[in-house]
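In this text, all values refer to a predicted model and were calculated from it rather than measured experimentally. Below, chain A is the first sequence line, B the second, and so on; all start at residue 1.
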Amino acid sequence: MRPLTEDESKAVFTKLANYIGKNLVHLIDRPDDPHCFRLQKDRVYYMSEANMRMSISVARPNLVSVGTCLGKFSKSGVFKLHITALDILAQYAKYKVWVKANGEMPYLYGNHVVKAHLGRITEDTPEHQGVVIYSMSDVPLGFGVTARSTVDTRKLDPTAIIVFHQADVGEYLRDEDTLF
Amino acid sequence: MDLSAVVAQQTAAQAAKYKSVAVEKEIPLEADVGLLTIIDPNPIDAEAYQADREVHLQALARDGVQALLAQVFALPTKSSIHGPLAILPQPTTKLPRAKPLPKPRMLTKWEKFANAKGISHRKRINKVWDEEKKEWVARWGYRGKNKEAEQQWLHEIPANKPADYDPRAEARKARKERKDKNELAKQKNLEYNARMQAKRDVIDRSVARSRMSTASMGKFDKTLEGEKKPRGVKRKFAPNEASSTEKERSMALISKLDGKPVSKKARIDPRPNPGRTEDVLNVRKAVKFASRGAGSLALGRSLEKPKKRTMSKTSRKKMGGRH
């Protein structure tokens, strides 16, 4: 376990900022309960400093997971967010998409969000913007990237993709063994 | 029943319940209270150890801690907000140093010469005996012996010197020259050593590169005697725990990211839309609402003439002077 280098931090922060924008500051600046980002093997974890101090004494091969796993670095140095980061993203999300009840299951099986399943969307969402996807009862289901801006979605046909799927809570079952 | 018998019985029961505070050992325990350490040099009782290891070890540990605490409680104390604190003495145990020994300094030109000639260095103290004053005076510095010639109250002028000869200035000049010469020599030594080190580094690097430049990348090459294994560059990471600066670094990184678009792919609608801002307040809508659809110009006019104002107090507050 070690702190991120500057390049790694940059990769993580840009990825997070795509979803939560300037709210990223609230993840780092938490005066009541200071938190930090740590890299263990290729995964990035977000944990309280108290937890970090305790986990220092655990040997690297024995440390399976600590805090919240945000995602992993691929071999080529690209940072990929995991569904485990959803809690944090949903808390601070800037742009949101709500899917209708009939669209929940298709989305949770890993499909994109189509126009027919779109319940609501944040006004002024730009194209290719990271969004968090909620059910109509405001339960976060996953996150993705918008295919069109809010304005452009109005003229699309019902089968057109609105949000590209990136991660959904179904992965907790599907990718259980590699997720954390 | 006799009272003394009852008391004796009770104290016996107490003694059985609580072990003695005094620790008795064949070889007395060695303590280093400064490091809060106690060492038990007694050999382990094999029978007791075999019978029940945990109990035996716990008993040993208990005795050690008891003896240590007894010594700590005998120490002088000072009061603090957390209660009395014992003042620990200096540790007596010598611990090995944590860091490796510093590398030997490169020799100066004089040191090399002195070594070659067998001149041994002797420590020169900054005190010299003054025969006239009958006391020890500083060799240099305040009232130093080296300034004696320029600070004396009466100067002798040699007969062959011109009339404007200033012995005070001459002596001072000579002293300053000696100092400058030494400074120059020091500078030259530093430069020379840096140059030599750089040369050595270049050689080391090229040797390392040439050793890796064979078909097997140096794996099956014969090594010379005393040749060390080539070392790669070690990666360095920030310490895990000393995270006082970590937050500042992260914040600086975020503020650097702030100027650029969040994602390279995220496209903001290029169509002119004055209402699209990062703020919570949609200025265009607020103006429209406050002026009841008349626009900002009408709103400005109405503000100039307070009699005719059409908007409520709350809506003016919302505006916040942004129009």
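Around CZ of B:Phe237, the count of heavy atoms belonging to other residues, nucleotides or ligands within 6.0 Å exceeds 12. Other residues, nucleotides and ligands contribute at most 12 non-hydrogen atoms within 6.0 Å of the NZ atom of A:Lys80. For A:Glu6, the CD atom counts as loosely surrounded, since its 6.0 Å shell holds 12 or fewer non-hydrogen atoms of other residues, nucleotides or ligands. The environment of CE in A:Met136 is crowded: more than 12 heavy-atom neighbours from other residues, nucleotides or ligands sit within 6.0 Å. Taking a 6.0 Å sphere around CZ of B:Arg97, one finds it holds more than 12 heavy atoms contributed by other residues, nucleotides or ligands.
Atom CD1 of A:Ile28 is separated from atom CE of B:Met251 by 6.0 Å, given to the nearest 0.5 angstrom. Separation of atoms CG (A:Leu4) and CD (B:Glu246) is listed at 7.5 Å; rounding is to 0.5 Å.
Using a 4.5 Å cut-off between heavy atoms, A:Thr5 contacts chain B through its side chain alone, with no backbone atom that close. Only the side chain of A:Ile56 has a heavy atom closer than 4.5 Å to any heavy atom of chain B.
Side chains of B:Lys247 and A:Pro34 form no contact here, defined as non-hydrogen atoms less than 4.5 Å apart.
A:Arg2 and B:Asn240 make their closest contact through CA-OD1, 4.1 Å (heavy atoms, listed as atom of the first residue, atom of the second, distance).
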